[in-house]
Amino acid sequence: MKNIVILISGGGSNMAAIVRTSLRDDWARRFGAKVVAVVSNKASAPGLELARAHGLATAVVEHKAFAAAPDPRAAFDAELAKVVDGYEPALVVLAGFMRILTPGFVERYTGRMVNIHPSLLPAFAGLNTYQRALDAGCCFAGATVHQVITELDHGPILGQAVVPVLPGDTAQILAARVLTQEHLLYPRVIADLLQKL
Ligand code: GAR
């Protein structure tokens, strides 16, 4: 079985969309793959409850617990890798996971870790993507799924979803429009990838 481990920090709506699609489309039979666990860097992430409701294993590695380490990021990533590896992942899926990962962590999962970013990369890497798209006067916005490489929000693009920017849009309204498309895009791209893994 190709195990999928999903990393979240917040609401987990992309995670839930992936889990729902994997069950509806029977990824176990079609690709020999299934979501086995959801890992968060925040115990308070609402997505953890959603994951438990789907009967999934969950784990928390609090990044704050490593603040006093000589190299907090490296210490957090080492513990995160230990927990993730415990689920023997064929694919690691970052779904609203809001931590910058160290090169060591990224290289450990090269070619088998993907991320979704709420912009049409290479435009607007980083934070506040919706407001930046509005400020730039963009006519379109969207989301990108990409392979994760050591450079933040870069890496081979696996798929994109495009939405229009409409008169009167606020960052919040635009975010909601993009998120709806993320829920269709991310499961589709992962299904494509599973056929090749
Ligand atoms: C999504 O919009 C995702 O693209 C974004 O966080 C949101 C998570 O929502 N990710 C990033 O900004 C990563 N840099 P969710 O927790 O409901 O899936």
Side-chain angles (χ1 to χ4, degrees), residues 4-23 35 37-54 56 58-63 73 76-77 80 91-103 105-106 109 113-135 138 140-165 169-191 193:
I4 302 169
V5 175
I6 304 181
L7 272 53
I8 65 166
S9 298
S13 69
N14 276 290
M15 174 275 298
I18 294 162
V19 172
R20 275 197 306 270
T21 306
S22 73
L23 298 172
V35 179
V38 174
V39 181
S40 173
N41 63 309
K42 286 184 181 176
S44 60
L48 286 171
E49 207 39 63
L50 261 182
R52 288 186 203 112
H54 280 288
L56 294 170
T58 60
V60 175
V61 183
E62 284 274 8
H63 64 274
R73 279 194 191 280
F76 168 71
D77 280 9
L80 184 64
L91 186 65
V92 177
V93 172
L94 308 182
F97 186 69
M98 303 305 281
R99 297 292 302 168
I100 295 174
L101 295 163
T102 55
F105 188 92
V106 171
Y109 302 106
M113 181 156 66
V114 293
N115 180 46
I116 190 160
H117 181 76
S119 78
L120 296 172
L121 291 173
F124 309 127
L127 297 174
N128 302 320
T129 56
Y130 315 105
Q131 193 57 52
R132 287 160 66 204
L134 291 173
D135 291 347
C138 294
F140 296 96
T144 303
V145 178
H146 63 97
Q147 295 272 8
V148 177
I149 61 170
T150 51
E151 198 179 347
L152 182 69
D153 297 333
H154 282 67
I157 290 174
L158 302 173
Q160 291 186 311
V162 181
V163 303
V165 176
D169 270 359
T170 60
Q172 206 182 358
I173 292 170
L174 185 56
R177 191 177 305 127
V178 171
L179 191 62
T180 304
Q181 293 306 312
E182 290 186 35
H183 297 162
L184 302 174
L185 171 71
Y186 214 177
R188 194 175 71 228
V189 169
I190 292 171
L193 202 57

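Position 1 is the first residue of the sequence, and the numbers go up from there. Note that ligands are numbered from 1 as they come in the structure, with each ligand's atoms numbered from 1 the same way.
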Would you indicate which of Gly96, Gly12, Ala45 comes nearest to atom 16 (O) of ligand 1 when only heavy atoms are counted? Gly12
Would you say Val178 and Ser119 make side-chain contact, with heavy atoms under 4.5 Å? no
Tell me the protein heavy atom at minimum distance from [atom], and give that distance in Å.
atom: atom 1 (C) of ligand 1; value: Glu182 OE1, 3.2 Å
atom: atom 13 (C) of ligand 1; value: Met98 SD, 3.6 Å
atom: atom 12 (O) of ligand 1; value: Pro118 CD, 3.4 Å
atom: atom 14 (N) of ligand 1; value: His117 ND1, 3.7 Å

Residue-ligand contact Ile8/ligand 1, heavy atom below 4.0 Å: no
Value rounded to 0.5 Å, distance of [atom1] in [X] from [atom2] in [Y]:
X: Ile116; Y: Gln181; atom1: CD1; atom2: CD; answer: 10.5 Å
X: Asn128; Y: Leu134; atom1: CG; atom2: CG; answer: 11.0 Å
X: Leu7; Y: Asn115; atom1: CG; atom2: CG; answer: 10.5 Å
X: Leu185; Y: Leu179; atom1: CG; atom2: CG; answer: 11.5 Å

Relative to ligand 1, is Leu94 under 4.0 angstrom through side chain, backbone, both or neither, heavy atoms considered? neither
Mind checking whether Tyr130 contacts ligand 1 via backbone (N, CA, C, O), side chain (CB onward), both or neither, at a 4.0 Å heavy-atom cut-off? side chain
Ser13 versus ligand 1: do any nitrogen or oxygen atoms come within less than 3.5 Å of each other? yes
Hey, is ligand 1 close enough to Asn14 that some N/O pair sits below 3.5 Å? yes
Mutual orientation of the aromatic rings belonging to Phe76 and His63 [parallel < 30°, tilted 30-60°, perpendicular > 60°]: perpendicular
Is it true that the side chains of His183 and Ser13 contain a donor and an acceptor less than 3.5 Å apart? yes
Looking only at the side chains, is there a donor atom on one of Arg73 and Thr102 sitting less than 3.5 Å from an acceptor on the other? no
Within the 4.0 Å heavy-atom shell around Ile116, which atoms of ligand 1 are there? 4 (O), 10 (N), 13 (C)
